[in-house]
Amino acid sequence: MTIGNFNIELYLVQLFKKAEEIAHNNKLIGKLIDNVFENIGQYTNKMFDMQNQAYAMMRMLKAWYAREYTEMSPANVLSLIAAGLYIANPIDLIPDFIPFIGKLDDRLVLAFFIKKLNNEIQKFMAWEDLQFSKS
């Protein structure tokens, strides 16, 4: 199976060859384990932040739609709607039903919109905190 010019089977063969090379080297295994735990922690934090911001984006769109949060430019509103459309659509650049990689493009598009709307997301979350503190 290939994705673009990337041959997945060849990569897996090379990965298993490398695994065989280090399988009996305790020092390399220890370094690998430490590195993996560190990376998992970094990925988890980044995914948690991304998830929080994605939910904030949709809460912001919902608050805009309910005419509760109105301090947004029309371009930012359209960006929120476009992000929602892309994420909600199962047929996109990489269809969502493809195992493992089907949601990858959704994450990339979501990351693009989070970066694009970062200032607005931060303003909205501050506005949201203010609303909760009033009640």
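What you see is a predicted model; the values in this text were computed from it and never measured.
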Which distance, rounded to the nearest 0.5 Å, do you find between the [atom1] of [X] and the [atom2] of [Y]?
{"X": "Phe113", "Y": "Asn118", "atom1": "CZ", "atom2": "CG", "answer": "14.5 Å"}
{"X": "Lys18", "Y": "Leu15", "atom1": "NZ", "atom2": "CG", "answer": "10.5 Å"}
{"X": "Gln51", "Y": "Asp49", "atom1": "CD", "atom2": "CG", "answer": "10.0 Å"}
{"X": "Leu12", "Y": "Lys17", "atom1": "CG", "atom2": "NZ", "answer": "12.5 Å"}

Taking side chain to side chain donor-acceptor pair (under 3.5 Å) as the test, write out the residues that go with Asn35, two or more places apart.
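Listed in chain order: Asn39.
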Could you tell me which residues satisfy side chain to side chain donor-acceptor pair (under 3.5 Å) with Arg59, sequence neighbours excluded, listed by chain and number?
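Partners of Arg59 by the side chain to side chain donor-acceptor pair (under 3.5 Å) criterion, ordered by chain and then number, come out as Glu128.
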Same apolar cluster (I L V M F W Y, side chains within < 4.5 Å links), [X]/[Y]:
{"X": "Leu85", "Y": "Leu80", "value": "yes"}
{"X": "Tyr55", "Y": "Met125", "value": "no"}
{"X": "Met58", "Y": "Leu78", "value": "no"}

Set of residues satisfying side chain to side chain contact (heavy atoms under 4.5 Å, CB included) with respect to Met47, sequence neighbours excluded:
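Met47 satisfies side chain to side chain contact (heavy atoms under 4.5 Å, CB included) with no other residue.
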Side chains of Leu61 and Met57: does their closest heavy-atom pair fall under 4.5 Å?
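When only atoms from C-beta onward are counted, Met57 and Leu61 do not touch, as no gap falls below 4.5 Å.
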Are Met72 and Met60 close enough that some pair of their side-chain heavy atoms sits under 4.5 Å apart?
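A side-chain contact exists here, since the closest heavy-atom pair is under 4.5 Å.
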Using every non-hydrogen atom in the two residues, find where [X] and [Y] come nearest and quote the distance to one decimal.
{"X": "Ser79", "Y": "Lys116", "value": "OG-CE, 3.1 Å"}
{"X": "Ile121", "Y": "Ala56", "value": "CG2-CB, 4.1 Å"}
{"X": "Asp106", "Y": "Ile87", "value": "O-CD1, 3.4 Å"}
{"X": "Gln122", "Y": "Gln53", "value": "NE2-NE2, 3.4 Å"}

Give the C-alpha distance, both sets of side-chain angles, the deciding distance and a yes or no for side-chain contact (heavy atoms from CB on, under 4.5 Å) between Ile33 and Phe37.
CA-CA 6 Å; Ile33 292 167; Phe37 277 122; 3.5 Å; yes
Using the test ring pair (Phe, Tyr, Trp, His ring centres under 6.0 Å), find all partners of Tyr11 that sit at least two apart in sequence or belong to another chain.
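With sequence neighbours excluded, Tyr11 shows a ring pair (Phe, Tyr, Trp, His ring centres under 6.0 Å) to Phe6, given in chain and number order.
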Report the residues that fulfil ring pair (Phe, Tyr, Trp, His ring centres under 6.0 Å) with Tyr69, sequence neighbours left out, ordered by chain and then residue number.
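With sequence neighbours excluded, Tyr69 shows a ring pair (Phe, Tyr, Trp, His ring centres under 6.0 Å) to Phe124, Trp127, given in chain and number order.
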Please name all residues satisfying salt bridge (Lys or Arg N to Asp or Glu O under 4.0 Å) with Glu20, sequence neighbours left out, ordered by chain then number.
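So Glu20 forms no salt bridge (Lys or Arg N to Asp or Glu O under 4.0 Å) with any residue.
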